[in-house]
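One structure is given here, and the rest of the page talks about it.
The analysis underlying the following values was restricted to heavy atoms, covering all of them including side chains, and did not include hydrogens, waters or symmetry mates.
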Amino acid sequence: NAESIAFFRGGGAEWSNFQRLFGTLLDTLHRLIVIDTGLGTFNQCFQWATFAVVPLIVGGRYLRGEVEFGTLAQVSMAFSVILRGLTVVMTRLDTLTGFTVRVRRLEALQNALQAEEK
């Protein structure tokens, strides 16, 4: 294959094709890094913010004597259970995106094979 590329002086075309594909790969990796960093930062901020939510919601009522101290613990536990249920998608996002990428690659392969058959 290298001989035919050299014979037809296709090295320049091969090089620009490589640069285009490698540039696409670098762009994809950059987007993945940005998305992963943003998601990680959001998850950490979200988890830390939950520590402040319960005292802000129930703390005033406790200080006014409207609820007992145990209510804070109950609300905190209930909030953490609801939070875990809602964040399942965020914690499994890497698995879901990996699956999506594999499906897209298979679709691209199928399209390429169908184009070759025509």
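For residues 55-73, the salt bridge (charged side-chain N to carboxylate O under 4.0 Å, His left out) pairs, not counting sequence neighbours, are R61-E66, R64-E66. Annotation: salt bridge (charged side-chain N to carboxylate O under 4.0 Å, His left out) contacts involving residues 69-82, sequence neighbours excluded, are absent.
Residues passing the side chain to side chain contact (heavy atoms under 4.5 Å, CB included) test with N111, sequence neighbours excluded: E107, Q114.
V75 shares a hydrophobic cluster with V53, V54, I57, V58, Y62, L63, V67, F69, L72, F79; the chain of contacts runs through ILVMFWY side chains whose heavy atoms sit under 4.5 Å apart. Under a 4.5 Å side-chain heavy-atom cut-off, the cluster of Ile, Leu, Val, Met, Phe, Trp and Tyr residues that includes V103 is completed by F99. M77 belongs to no hydrophobic cluster with other residues, because no ILVMFWY side-chain heavy atom falls under 4.5 Å from its own, directly or through intermediates. Taking Ile, Leu, Val, Met, Phe, Trp and Tyr as members and joining any whose side-chain heavy atoms lie under 4.5 Å apart, directly or through other members, L106 forms no hydrophobic cluster with any other residue.
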Atom pairs and distances, side-chain donor-acceptor, residues 17-24, under 3.5 Å, sequence neighbours left out:
{"residue": "N17", "atom": "OD1", "partner": "R20", "partner atom": "NH2", "Å": "2.5"}
{"residue": "T24", "atom": "OG1", "partner": "R20", "partner atom": "O", "Å": "3.0"}

Do any side-chain atoms of residues 29-42 form donor-acceptor pairs under 3.5 angstrom with protein atoms, and if so which ones, sequence neighbours left out?
{"residue": "T37", "atom": "OG1", "partner": "I33", "partner atom": "O", "Å": "2.7"}
{"residue": "T41", "atom": "OG1", "partner": "T37", "partner atom": "O", "Å": "2.8"}

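No side-chain heavy atom of L109 sits under 4.5 Å from any side-chain heavy atom of R105.
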